[in-house]
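Single-structure report; data block below.
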Amino acid sequence: MKIYNTLSKRKEEFIPLEEGKVKMYVCGPTVYNLIHIGNARPMIVFDTVRRYMEHKGYEVNYVSNFTDVDDKIIKKAIEEGVDASVISERYIAECKKDMEAMNIKPATTHPKATEEICGMLDMIGTLIEKGHAYAAPDGTVYFRTRSFKDYGKLSHKNLDDLQGGNRSLLVTGEDQKEDPLDFVLWKPKKEGEPYWESPWCQGRPGWHIECSVMSKKYLGEEIDIHGGGEDLVFPHHENEIAQSEAASGKPFAKYWMHNAFLNIDNKKMSKSAGNFFTVRDISEKYDLQVLRFFMLSAHYRSPLNFSAELMEAAQNGYDRIVTSVSNLNFLLQNAAGEMTEEEKKLAKEAEGFIAKFDEAMDDDFNTADAIAAIFELVKFANTNAKEGSSKAFVQALKDEIVTLSDICGLIVEKKEEMLDDDIEALIAERQAARKEKNFKRADEIRDELLAKGIILEDTREGVKWKRA
Ligand code: AMP
Ligand code: ZN
């Protein structure tokens, strides 16, 4: 499996630090608003990377944070006259709803910055001890950027060019920094802001330190993959490398993966520019599986321009797979038996599409080509599975389509929702069967309902049911 590594600027063979395991950290959202579909791109991309790794048999430890202390969260809390945690908890809950609706698996751990302050104080302390950081007179702690000789290795920037070229680096604390390139690890509180005690001042952490600390705590000092959007390469990820490697003396992440932007009118979609759609907005018009399909229809390192036409194309593409699976399910209702010799040959041929899919995904997660392989398989199934085909053959084709789609996180088999009236009728039939002591039929009905996600509960007041 090859992965494009931003560090080396080329595709490299993936060799895990520990056989059979993948340790992966992805920078998560700052939670002060509903997430927009630009934020959804890394979520979908890295969820797909994780799913493919799991499909290959790796045990994946996937960590993605919520940044829950930040200027924008504090600003919103002041506007609403509530505690900052009210804002962050609200939007973490909303974000989790959106993730579920996009079929993004929960990470192994979703740490929150405010719950990891102790670890941050420890790492900042270590950096000061080792001479990589210093406290200014007002209690702000800065990272001594020039003390880390590899600074710039990820973004391929040279320290002296940075000093000359990037004015924004000079903005804060210019007069008390030893060097304009130094960045903040800890800053003093301002009136009305949340703060924590520290050896340097009452205050709060800088943004970069949180990821170094959470990654270390949940995955260890050395990890396999670190991911995020390409806007994070500099300074966020460059600073994470400096903090983590200066503190541990070990290489931090082996592979750095960055998704390109989701654009609108060829400009980056962002909250600050106001040119965004939230995931919620999109869910009013489309099944979010269509959004997922749209995101994966381009390679993650290619910019993707959001447009109504491309969403319509995604809708058609997604529907093509769903319709094929639904037709195969229809055939399965009456099909029977094992494969004929002819079908065995065809089934072997169909396996070729799985190989094609894997080949595309092994090549730096080329989901665009992987989806093309699913389409070929769908076309093959539409042509070769027909009335009279054996059950084993139809089932094999259907399982292949569903499995490959599932690696992309695409739900292509629609569970038929049972109507309340049908459920009630079956429950009444079960009650009647029990009265007649026909427990076999009663159990059958309970199992049938369970298979459709309906759970029965026998209570004193009668039978109650709920959807799983
Ligand atoms: P933020 O909440 O801005 O810190 O962003 C959370 C994640 O979304 C980061 O990995 C960003 O790089 C990513 N991101 C934000 N906007 C976009 C966009 N328009 N396209 C792709 N990724 C984005
Ligand atoms: Zn981060």
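Start at 1 and go down the list; that is how both ligands and their atoms are numbered.
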Taking a cutoff of less than 4.0 Å between a non-hydrogen atom of the residue and any ligand atom, is His36 in contact with ligand 1?
yes
Nearest 10°: the angle subtended at the Zn ion (ligand 2) by Cys27 SG and Glu240 OE2?
100°
So for Leu232 against ligand 1, with non-hydrogen atoms under 4.0 Å, the contacting part is side chain
Considering only non-hydrogen protein atoms, determine which one is nearest to atom 3 (O) of ligand 1 and report residue, atom name and distance to 0.1 Å.
Asn39 ND2, 4.1 Å
Check each atom of ligand 1 against the heavy atoms of Asn259 and keep those under 4.0 Å away; list them by number with element.
21 (C), 22 (N)
So, taking the atom named CE in Met53 and the one named CE in Met24, what distance separates them when rounded to the nearest 0.5 Å?
6.5 Å
Could you find the nearest protein heavy atom to atom 20 (N) of ligand 1 and give me its residue, atom name and distance?
Leu262 N, 2.7 Å
Within the side chain of Ser326, is there an N or O that forms a donor-acceptor pair under 3.5 Å with the backbone of Val322?
no
As an exercise, state the distance from CH2 of Trp207 to CZ of Phe183, rounded to the nearest 0.5 Å.
12.0 Å
How far is atom 22 (N) of ligand 1 from the closest protein heavy atom, and which atom is that?
Gly38 O, 3.1 Å
Measure up the His236 and His208 rings against each other and bin them: parallel (under 30°), tilted (30 to 60°), perpendicular (over 60°).
tilted
Check the angle between the aromatic planes of Trp256 and His237 and answer parallel, tilted or perpendicular using the 30° and 60° thresholds.
tilted
May I ask you to say whether Asp364 pairs ionically with Lys11, meaning some side-chain N is under 4.0 Å from a carboxylate O?
no
Which of the atoms in ligand 1, numbered in the order shown and given with their element, are less than 4.0 Å from a heavy-atom of Asp231?
11 (C), 12 (O)
Taking the ring of Phe46 and the ring of Tyr25, is the distance between their centroids below 6.0 Å?
no
Can you confirm, on distance only, whether ligand 1 has an N/O atom lying under 3.5 Å from any N/O atom belonging to Met269?
yes
Quick one: are the ring centres of His226 and Tyr255 less than 6.0 Å apart?
no
Under a 4.0 Å heavy-atom limit, does Ala260 contact ligand 1 with its side chain, its backbone, both, or neither?
backbone
Keeping Asn65 on the side-chain end and Lys112 on the backbone end, is there a donor-acceptor pair under 3.5 Å?
no
Which value, rounded to 10°, describes the SG(Cys211)-the Zn ion (ligand 2)-NE2(His236) angle?
110°
So which heavy atom in the protein is nearest atom 10 (O) of ligand 1, and how far is it from that ligand atom?
Gly229 N, 3.0 Å
Examine ligand 1 and decide if any of its atoms is less than 4.0 Å from a heavy atom belonging to Pro42.
yes
Please confirm whether Thr30 comes within less than 3.5 Å of ligand 1 when only nitrogen or oxygen atoms on both sides are compared.
yes
